[in-house]
Structures are given as structure tokens and as C-alpha cells.
Asks: 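Mind looking over this structure? Questions follow.
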Amino acid sequence: MDSSDSDLECLSSPALRTRRSKHDCNPSSSAERPTEEDSDLELETCTGESGIEDNDALDQQFDVSLEAAALKNTVVRVKNLAIIQDMLTSKIMGDVLYKRKMEVVDVIVKSLKNGKSGERHNSGHIAVLYALQVGQDEEDLEELYEEMKPLFLIAIADSTMDSAQRAKMIFRLSTLCFLCSDNQEDRREMMAVLREKIKQTDCDVLINTLASLSLLFTISTPTERRNSIMMLMTPIRDLLKHSNVDVRIEAGELIAHIFELGRDYDEDFDEEVVDLASMIEDLEALASDSARFRAKRDRKQQRASFREILGYVTGEGSVSETVKVSTQETLTLGSWSERVQYSAIKETL
């Protein structure tokens with residue numbers, strides 16, 4: 001499928017959210033309820049190592065792991081959450097999830113509330129996978145987001161949680177907002193969280209915050225974008241001087257995206273950017289940086305990224321990326337917004 005300008009409309013519309021399984025799932029699966037005493041046997045069953053690919057077996061594997069993920073035994077629970085996570089990233093299971101949505105949501109909620117760092121991180125990922133795969137009813141998705149949001153925010157603020165996993169929860173929550181909510185107030189609240197996070201110094205937090213801002217910009221109204229851009233442009237520009245190459249690149253890509261969005265609602269956007277000439281000088285310096293104190297790989301990666309960013313900001317370049325979907329299909333990404341949405345879905349899967 002060669003994509004037109006509307007290639008990725010599905011990524012921000014109900015079409016994405018109605019991605020359903022083609023499996024003929026059997027709701028009357030006879031999988032036995034696992035117990036902590038026979039958890040070793042059940043875990044072996046869940047791994048799928050037998051190679052059985054029929055749909056009934058897939059249903060049974062999911063049922064067993066879902067039951068085990070609700071047990072009190074932490075080891076069993078964490079292992080089965082990981083199994084569920086792997087299944088949802090490799091199989092289309094929308095029908096299975098929808099039929100068991102109450103049990104799935106219950107497991108996610110309990111793990112987010114009571115689990116330790118890794119368990120909360122995995123359950124947060126499962127929440128996003130669930131929203132991505134089920135997505136049949138927009139009202140259900142909004143309810144899911146409202147239930148998950150406070151639990152994610154608690155995890156994001158929990159200093160006892162692994163810092164990298166806590167940072168990833170920022171992006172997971174933003175992705176949930178992207179997938180589940182059309183509510184302007186939800187975006188406003190999420191943007192307020194991100195404005196605070198961009199002030200922090202942790203590299204993982206900054207990278208995930210910048211990626212989250214870019215993703216939410218793709219579904220914001222022109223007025224929302226304008227207000228956020230006015231508040232955020234200065235701190236984002238400051239991050240171009242950050243010591244971490246990934247932070248610098250993420251900030252640069254967000255700036256390019258901001259220019260795309262700004263020009264969409266205001267043809268004179270460039271003239272309104274404060275000290276544009278200085279910004280372009282900074283981008284030029286990064287696009288040609290050969291400082292010896294930087295690692296060779298970092299210099300190469302930075303120069304390649306900022307050449308594209310600089311070209312877009314100055315109006316001399318454009319976004320055009322072709323992704324091979326299968327042996328017969330390709331997807332063309334023709335804008336920063338499409339690239340950002342595609343990257344979010346790819347990262348989730």
C-alpha cells in the first residue's frame with residue numbers, strides 16, 4: 001500500500017482503535033485455574049514452546065497466564081505478566097482481550113497498585129497494548145484511560161521505582177492518552193505533567209518527555225499547540241546544548257515537528273519564532289559538529305540527524321520515509337507527525 005498524505009490517519013482515529021483479531025477464539029476454554037503449587041508446570045505451558053499454533057491453544061495459553069498473573073506469588077505473577085506482554089506484542093488478540101477485558105484490566109490495576117518496579121513497568125506496557133489491540137468502543141477506552149491515569153502518575157512520581165522504567169511510564173501514559181482520549185482536558189493535564197518533567201535533569205526522563213510532547217502535539221488542536229509551543233520553545237531549545245546526544249537529537253526533532261505544526265496553522269510562523277537566526281546557527285553547529293571529545297558514533301549520529309532537522313527548519317528539506325510492511329506492502333511517512341505516530345506504535349509493539 002503506497003500511502004498518500006492520509007497514510008497515518010488511522011494512527012489517531014478510531015480505525016487504529018478497532019484493530020481486532022481474526023482468530024476464531026473459543027470463549028469456553030477449558031484451561032484449569034493455576035495454583036501457586038503447580039506454578040512451574042503452568043509456566044512451562046505458558047511459554048508456547050510446544051509450537052502449537054491453533055487458536056484454541058493460544059486462548060488457553062492466554063487464560064493460564066492471565067489467571068497466574070493474579071496470584072499472590074510475586075515470581076509467578078511477574079513471569080506471567082511478561083508472557084502476556086510477549087503474546088500481545090507478537091499476536092493479534094483483540095477478540096480474546098475484549099472477551100476477557102474485565103479480568104485483564106483487573107490484573108493491570110492490581111499490578112500497578114501493588115507491584116514493584118518491574119511489575120508496574122510491565123503492566124503499564126500491557127495497558128497500552130490492550131488499548132491498541134482492543135479499541136472497539138471509544139467510551140470504553142476513555143474509561144480505561146481515566147482508571148489508569150492516576151496509577152501511572154503515582155508510578156511516575158515514585159522515587160523507589162527504577163529511574164529508567166519510571167521515565168518510560170511517562171511515554172506509556174502519553175501513548176494511552178493518544179490512543180484512548182479525545183478529551184481536551186486530558187491533554188491539558190498531560191501537558192502540564194510534561195512541562196514539569198522537561199525541567200528535570202535525568203536523561204531518560206527528558207527523552208521520554210520530549211517524545212511524549214511530540215506525540216500529543218499530533219492530536220492537539222491548533223490553539224492547544226500554539227499555547228504549548230509558546231511555553232515550551234525556550235526549554236526545548238536549551239536542550240540542544242545538553243551533554244547527552246540522544247537528548248539533543250530528541251529536542252532537535254521536536255523543534256522540526258513544531259515548525260511543521262506551526263506552519264500548518266500560521267504561514268508566518270517562522271517570523272514569530274524568537275531569535276530564529278540564533279536557533280539556526282545552533283542547528284548548523286550540531287549538523288557539522290566534529291568535536292573530538294564526543295564519541296565518533298555520537299558525532300556521526302548527531303550530524304545525520306541535525307542535517308535533516310536543519311533542512312526542515314530552514315524550509316530546504318522535507319520528510320519522506322518508506323517503511324516496508326511486508327514483501328508486498330510499504331508505508332510512506334510524509335510528515336513529522338506521521339513519523340512520530342508511527343514510531344509510537346512501533347515502540348509499543
Side-chain angles (χ1 to χ4, degrees), residues 27 29 31-43 45-47 59-89 91 93-137 139-177 179-181 186 193 348:
S29 169
E32 296 182 0
R33 184 181 183 88
T35 63
E36 296 181 28
E37 287 74 14
D38 56 17
S39 60
D40 289 341
L41 174 62
E42 300 294 3
L43 284 171
T45 303
C46 293
T47 60
D59 278 8
Q60 290 182 18
Q61 288 178 4
F62 184 81
D63 281 343
V64 169
S65 283
L66 186 60
E67 293 281 357
L71 295 175
K72 292 183 179 180
N73 186 304
T74 303
V75 174
V76 174
R77 194 170 63 243
V78 170
K79 285 185 177 180
N80 279 276
L81 281 172
I83 290 167
I84 292 171
Q85 188 177 353
D86 289 342
M87 292 178 74
L88 296 184
T89 57
K91 302 288 185 182
M93 301 183 66
D95 284 339
V96 181
L97 289 169
Y98 191 74
K99 290 171 184 175
R100 297 157 177 78
K101 61 180 181 180
M102 291 182 65
E103 295 93 330
V104 174
V105 171
D106 186 59
V107 164
I108 294 170
V109 168
K110 287 180 178 178
S111 292
L112 283 172
K113 281 184 176 178
N114 305 318
K116 295 188 182 298
S117 184
E119 181 177 349
R120 293 162 86 183
H121 176 259
N122 286 351
S123 58
H125 189 192
I126 291 170
V128 181
L129 288 165
Y130 172 85
L132 182 62
Q133 289 226 27
V134 177
Q136 183 187 31
D137 188 312
E139 185 175 339
D140 281 353
L141 287 173
E142 289 178 359
E143 290 177 359
L144 175 72
Y145 180 72
E146 289 305 314
E147 187 169 11
M148 296 295 161
K149 177 174 64 177
L151 302 177
F152 271 77
L153 291 175
I154 290 171
I156 289 168
D158 187 354
S159 60
T160 66
M161 191 172 176
D162 175 81
S163 60
Q165 294 179 343
R166 190 169 70 245
K168 182 57 70 176
M169 293 290 277
I170 297 171
F171 187 69
R172 299 280 187 232
L173 180 57
S174 298
T175 307
L176 263 185
C177 185
L179 291 171
C180 298
S181 178
D186 286 336
V193 172
T348 298

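In this chain, numbering begins with 1 at the start of the sequence shown. Bear in mind the structure is a predicted one, so any value in this text is a computation, not a measurement.
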Asks: Could you check if a side-chain atom of Val193 sits within less than 4.5 angstrom of a side-chain atom of Ile170, using non-hydrogen atoms only?
Replies: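 The answer is no, as the side chains (C-beta and beyond) never meet within the 4.5 Å cut-off.
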Asks: Give the minimum heavy-atom separation between Tyr145 and Cys180, together with the two atoms involved.
Replies: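 Smallest interatomic distance, heavy atoms only, reads CB-CB, 3.8 Å.
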Asks: Give a yes or no on whether the backbone of Val96 and the side-chain of Gln133 come within a donor-acceptor separation of less than 3.5 Å.
Replies: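 Side chain of Gln133 to backbone of Val96: no pair is present.
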Asks: Looking only at heavy atoms, what is the nearest atom pair of Ile84 and Ile126, with distance?
Replies: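 Here Ile84 and Ile126 meet closest at CG2-CD1, 4.0 Å.
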Asks: For the backbone of Ala69 and the side chain of Arg77, can you confirm whether one donor and one acceptor N or O come within less than 3.5 Å of each other?
Replies: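 Between the backbone of Ala69 and the side chain of Arg77 there is no qualifying donor-acceptor contact (under 3.5 Å).
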Asks: Would you check, one step at a time, whether the test side chain to side chain contact (heavy atoms under 4.5 Å, CB included) holds for Val134 with Lys101?
Replies: CA-CA 9 Å; Val134 177; Lys101 61 180 181 180; 5.9 Å; no
Asks: Report yes or no: does Arg166 contribute a side-chain atom to a donor-acceptor pair with the main-chain N or O of Ala157 at less than 3.5 Å?
Replies: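 No: the side chain of Arg166 does not pair with the backbone of Ala157.
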Asks: To the nearest 0.5 Å, what is the distance between NZ (Lys91) and CD (Gln61)?
Replies: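 One gets 8.5 Å once the value is rounded to the nearest 0.5 Å.
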Asks: Could you tell me whether the side chains of Glu142 and Ser181 share a donor-acceptor contact shorter than 3.5 Å?
Replies: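 No, because no side-chain N or O of Glu142 sits under 3.5 Å from a partner of the opposite role on Ser181.
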Asks: Just verifying a value: how many Å separate Arg100 CZ and Glu103 CD, rounded to the nearest 0.5 Å?
Replies: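 The distance works out to 7.5 Å.
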Asks: Can you measure from CG (Leu173) to CG (Leu151) and round to the nearest 0.5 angstrom?
Replies: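 Rounded to the nearest 0.5 Å, the CG-CG separation comes to 10.0 Å.
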Asks: Grab the two heavy atoms, one from Met161 and one from Ala155, that are nearest each other, plus how far apart they are.
Replies: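 So the minimum-distance heavy-atom pair works out to SD-O, 3.7 Å.
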Asks: Just to verify, what does Ala164 make a side chain to side chain contact (heavy atoms under 4.5 Å, CB included) with, not counting sequence neighbours?
Replies: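 Ala164 satisfies side chain to side chain contact (heavy atoms under 4.5 Å, CB included) with Asp162, Asp204 only.
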Asks: Below 4.5 Å, heavy atoms only, C-beta onward: do Asp140 and Leu144 meet side chain to side chain?
Replies: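 Of all side-chain heavy-atom pairs linking Leu144 with Asp140, none is under 4.5 Å.
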Asks: Mind checking the CG-NZ spacing from Asp63 to Lys99? Nearest 0.5 Å is all I need.
Replies: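 Result: 10.5 Å between the selected atoms.
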Asks: Ignoring hydrogens, what is the shortest heavy-atom contact between Ala127 and Met148? Give both atom names and the distance.
Replies: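 Shortest heavy-atom separation between Ala127 and Met148 comes out as CB-SD, 4.3 Å.
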Asks: Side chain to side chain donor-acceptor pair (under 3.5 Å) with Asn114: which residues, sequence neighbours excluded?
Replies: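 For Asn114 there are no side chain to side chain donor-acceptor pair (under 3.5 Å) partners, ignoring immediate neighbours.
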Asks: Supply the atom-to-atom distance Leu176 CG to Phe171 CZ, rounded to the nearest 0.5 angstrom.
Replies: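 Reported value, rounded in 0.5 Å steps: 11.0 Å.
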Asks: Check for a donor-acceptor pair, side chain of Ser111 on one end and backbone N or O of Ile108 on the other, with a separation under 3.5 Å.
Replies: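 Not confirmed, Ser111 side chain does not pair with Ile108 backbone.
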Asks: Answer yes or no: is there a donor N or O on one side and an acceptor on the other, between the side chain of Ser65 and the main chain of Phe62, under 3.5 Å?
Replies: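 Not confirmed, Ser65 side chain does not pair with Phe62 backbone.
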Asks: Can any side-chain N or O of His125 pair as donor or acceptor with the backbone N or O of Thr348 at less than 3.5 Å?
Replies: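 Checking the backbone N and O of Thr348 against the side chain of His125, a donor-acceptor pair under 3.5 Å is found.
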Asks: Would you call Glu146 and Asp186 a side-chain contact if the rule is heavy atoms closer than 4.5 Å?
Replies: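 Side-chain contact under 4.5 Å: yes.
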Asks: Backbone N or O of Gly124 within a donor-acceptor pair of the Arg172 side chain at under 3.5 Å?
Replies: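 Flag not set: sc Arg172 to bb Gly124 has no pair under 3.5 Å.
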Asks: How long is the span from the CG atom in Leu81 to the OG1 atom in Thr74, to the nearest 0.5 Å?
Replies: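 Here the rounded value is 10.5 Å.
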Asks: Side chains of Ile154 and Leu112: does their closest heavy-atom pair fall under 4.5 Å?
Replies: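 They are not in contact (no side-chain heavy atoms under 4.5 Å apart), so the answer is no.
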Asks: Using the salt bridge (charged side-chain N to carboxylate O under 4.0 Å, His left out) criterion, which residues pair with Lys168? Sequence neighbours excluded.
Replies: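 Checked Lys168 against salt bridge (charged side-chain N to carboxylate O under 4.0 Å, His left out); matches are Glu347.
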Asks: With a 4.5 Å heavy-atom cut-off, do Lys110 and Lys113 have their side chains touching?
Replies: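 Of all side-chain heavy-atom pairs linking Lys113 with Lys110, none is under 4.5 Å.
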Asks: Output yes when a side-chain donor or acceptor of Asn80 lies under 3.5 Å from a complementary backbone atom of Val76, and no otherwise.
Replies: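 Yes: the side chain of Asn80 pairs with the backbone of Val76.
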